[in-house]
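Scope of the values below: all heavy atoms of this structure, side chains included, with no hydrogens, waters or symmetry mates. What you see is a predicted model; the values in this text were computed from it and never measured.
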Amino acid sequence: MILVWALTIIIISVLTKWGVNQLLKRQSVYLTRFVITVSCIFQFIFVYFLVKELVHYLIQAFDVFYR
């Protein structure tokens with residue numbers, strides 16, 4: 001699942017870059033800012049879930065050293 005979250009974040013970044021470049025060619029600055037803002041919000045959410053998955057495995061790894 002970690003790989004899925006990481007790939008989703010990368011895909012969103014690539015699509016955002018492509019979309020922003022297209023909007024900047026049309027000189028649509030306000031729409032570009034909106035797209036970047038929405039993309040960042042989605043990426044923050046996906047990073048939260050990625051870290052949540054990573055912490056689960058880190059706790060299991062540290063539990064091995066504790067015992």
Side-chain angles (χ1 to χ4, degrees):
M1 195 65 181
I2 294 172
L3 193 59
V4 171
W5 292 119
L7 287 174
T8 305
I9 293 168
I10 292 169
I11 290 170
I12 289 174
S13 298
V14 170
L15 290 176
T16 302
K17 182 179 178 184
W18 177 78
V20 165
N21 285 336
Q22 295 298 319
L23 289 171
L24 286 176
K25 286 179 185 176
R26 293 187 216 155
Q27 296 181 356
S28 178
V29 177
Y30 293 113
L31 189 57
T32 303
R33 287 182 181 179
F34 177 74
V35 168
I36 291 172
T37 303
V38 171
S39 171
C40 285
I41 291 170
F42 281 126
Q43 286 184 9
F44 286 143
I45 293 169
F46 288 134
V47 167
Y48 169 77
F49 287 118
L50 174 66
V51 170
K52 188 175 176 182
E53 290 287 329
L54 285 173
V55 166
H56 176 70
Y57 289 112
L58 285 173
I59 289 173
Q60 287 179 350
F62 288 141
D63 192 36
V64 169
F65 295 121
Y66 181 71
R67 294 179 184 194

For residues [X] and [Y]: do they belong to one hydrophobic cluster (side chain heavy atoms under 4.5 Å, members Ile, Leu, Val, Met, Phe, Trp, Tyr)?
X     : Y     : result
Leu50 : Ile59 : yes
Val55 : Tyr57 : yes
Phe46 : Ile10 : no
Leu58 : Ile2  : no
Ile36 : Val14 : no

Open item on the list: Test of understanding: with side-chain contact (heavy atoms from CB on, under 4.5 Å), list the residues that count as partners of Phe44, not counting sequence neighbours.
Closed with: Cys40
Open item on the list: Test of understanding: with side-chain contact (heavy atoms from CB on, under 4.5 Å), list the residues that count as partners of Ile45, not counting sequence neighbours.
Closed with: Ile41, Phe49
Task: Residues that, via side-chain heavy atoms closer than 4.5 angstrom, fall in one hydrophobic cluster with Leu3 - done: Leu7
TODO: Report the hydrophobic cluster partners of Ile11, with the cluster defined as I, L, V, M, F, W, Y residues connected by side-chain heavy atoms closer than 4.5 angstrom, directly or transitively.
DONE: Leu15
TODO: Give every residue pair that meets the side chain to side chain donor-acceptor pair (under 3.5 Å) criterion with at least one member in residues 7-16, sequence neighbours excluded.
DONE: Ser13-Gln43, Thr16-Ser39
Atom pairs and distances, donor-acceptor, side-chain atoms in residues 21-35, under 3.5 Å, two or more places apart:
unit_1	atom_1	unit_2	atom_2	d
Asn21	ND2	Lys17	O	3.3
Thr32	OG1	Ser28	O	2.5

